[in-house]
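Everything below concerns the one structure shown next.
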Amino acid sequence: MKIILTHEVSGLGTAGDVVDVKDGYARNYLVPRGFAIRWTKGGEQDVAQIRRARKIHEIATIEQANEIKAKLESVKVQLAVRSGEAGRLFGSVTQADVASAIESAGGPKVDKRRVELGSPIKTLGAHAATVRLHPEVDAKVNVEVVSA
């Protein structure tokens, strides 16, 4: 099935790309979550609009991405969440939580879709998160999860 990506999907492409995927993947995952729309002949105008919007929000150069990477890696991110007795959290820490914690710690504004967590954060302590700034530049951010 041919689809148009509306958001960046790891391993598949960026917003505005037209890609072929299996029917079930598109129908059950990408389209319902808003990551893609079905490709149509009229959808080509949508592709142009998505690409224009992407250029506005995209980090243009590797140098600019490296500057933001340096800022991100120098910020000490601490996130206070409710936890139980053995250090287990009530729920988990999401990408949106990490993105807002980076901003509140004095770091640059980061889109939650660019934050990648290796596995869901469900315990107190130090955890690593990756922020995809550019196709060639990733920033490693250390997140300290403490009890609230």
Side-chain angles (χ1 to χ4, degrees), residues 3-21 25-39 43-148:
I3 58 168
I4 301 168
L5 295 176
T6 57
H7 296 298
E8 185 174 343
V9 178
S10 295
L12 195 56
T14 59
D17 290 348
V18 177
V19 294
D20 271 329
V21 295
Y25 183 49
R27 190 173 45 247
N28 297 324
Y29 181 75
L30 295 173
V31 174
R33 286 176 175 76
F35 294 143
I37 56 174
R38 294 180 189 267
W39 182 86
E44 290 298 322
Q45 289 124 10
D46 292 340
V47 170
Q49 184 179 12
I50 290 169
R51 286 187 179 150
R52 278 195 303 270
R54 184 178 71 187
K55 282 194 183 270
I56 293 170
H57 296 292
E58 186 176 81
I59 297 172
T61 63
I62 293 176
E63 292 82 21
Q64 187 180 17
N66 284 328
E67 289 173 15
I68 295 172
K69 176 182 177 179
K71 290 177 187 174
L72 280 173
E73 291 179 345
S74 68
V75 171
K76 186 169 182 143
V77 179
Q78 194 170 31
L79 191 59
V81 294
R82 288 184 45 212
S83 64
E85 288 179 10
R88 304 259 315 150
L89 304 182
F90 296 125
S92 64
V93 175
T94 64
Q95 289 95 338
D97 296 334
V98 173
S100 65
I102 290 171
E103 190 175 352
S104 65
K109 184 169 174 61
V110 175
D111 185 12
K112 69 180 180 182
R113 291 180 293 256
R114 294 191 176 272
V115 176
E116 291 180 349
L117 303 173
S119 60
I121 298 175
K122 295 187 176 202
T123 59
L124 297 175
H127 300 277
T130 304
V131 180
R132 288 177 285 110
L133 299 170
H134 190 270
E136 300 173 15
V137 180
D138 292 338
K140 303 286 184 201
V141 178
N142 292 321
V143 179
E144 182 70 29
V145 181
V146 297
S147 182

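For this chain, numbers begin at 1 and follow the sequence in order.
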Worksheet item: Taking the side chain as C-beta and beyond, is there a heavy-atom pair between Asn142 and Val77 under 4.5 Å?
Response: no

Practice prompt. Work out which heavy atom in Ile4 is nearest to a heavy atom in Arg38; give both atom names and the distance.
Written response: CD1-O, 4.4 Å

Discussion item. Contact between Val145 and Ile121 at the side-chain level, heavy atoms closer than 4.5 Å - yes or no?
Written reply: yes

Discussion item. Looking at every heavy atom in both Ser92 and Lys122, which two are closest together, and how far apart are they?
Written reply: CB-CG, 3.8 Å

Discussion item. Just verifying a value: how many Å separate His7 NE2 and Leu12 CG, rounded to the nearest 0.5 Å?
Written reply: 13.5 Å

Practice prompt. Quick one: pull up CG in Asp97 and OG in Ser104 and give me the separation to the nearest 0.5 Å.
Written response: 10.5 Å

Discussion item. Between Val19 and Leu5, is there a side-chain heavy-atom distance shorter than 4.5 Å?
Written reply: yes

Worksheet item: Do Ser147 and Val81 come within less than 4.5 Å of each other through their side chains, counting heavy atoms only?
Response: no

Discussion item. Please determine whether a side-chain nitrogen of the Lys or Arg among Lys140 and Glu73 lies less than 4.0 Å from a carboxylate oxygen of the Asp or Glu.
Written reply: no

Discussion item. Test side chain to side chain contact (heavy atoms under 4.5 Å, CB included) on Leu30 and Val9; report intermediate values, then the result.
Written reply: CA-CA 9 Å; Leu30 295 173; Val9 178; 4.2 Å; yes

Worksheet item: Which of parallel (below 30°), tilted (30 to 60°) and perpendicular (above 60°) describes Tyr29 and Phe35?
Response: tilted

Discussion item. Within the structure provided, determine whether Leu89 and Thr123 are in side-chain contact (heavy-atom separation under 4.5 Å).
Written reply: no

Response to the item:
What one should report as the nearest heavy-atom pair of Gly107 and Val75 is CA-CG2, 3.7 Å

Practice prompt. Locate the shortest heavy-atom distance separating Ile102 from Pro108; write the atom from each residue and the value.
Written response: CG2-O, 3.7 Å

Worksheet item: So how far is it from Glu144 CD to Gln78 CD, rounded to the nearest 0.5 Å?
Response: 6.5 Å

Worksheet entry | Interatomic distance, Arg114 atom CZ to Ser10 atom OG [nearest 0.5 angstrom] | 10.5 Å

Discussion item. Are the side chains of Val18 and Trp39 in contact, using a 4.5 Å heavy-atom criterion?
Written reply: yes

Discussion item. With side chain to side chain contact (heavy atoms under 4.5 Å, CB included) as the test, pick out the partner of Leu133 among Leu72, Val110, Asn66, Asp111.
Written reply: Leu72

Worksheet entry | Nearest atoms (heavy-atom pairs only) where Lys69 meets Ala139 | CG-CB, 3.8 Å

Item to complete: Would you mind reporting whether Gln95 and Glu116 have side-chain heavy atoms less than 4.5 Å apart?
Response: no

Worksheet item: At their closest point, which heavy atom of Val93 faces which heavy atom of Leu117, and how far apart are they?
Response: O-CD1, 3.6 Å

Worksheet item: So do Thr6 and Ile37 actually touch side chain to side chain, heavy atoms under 4.5 Å?
Response: yes

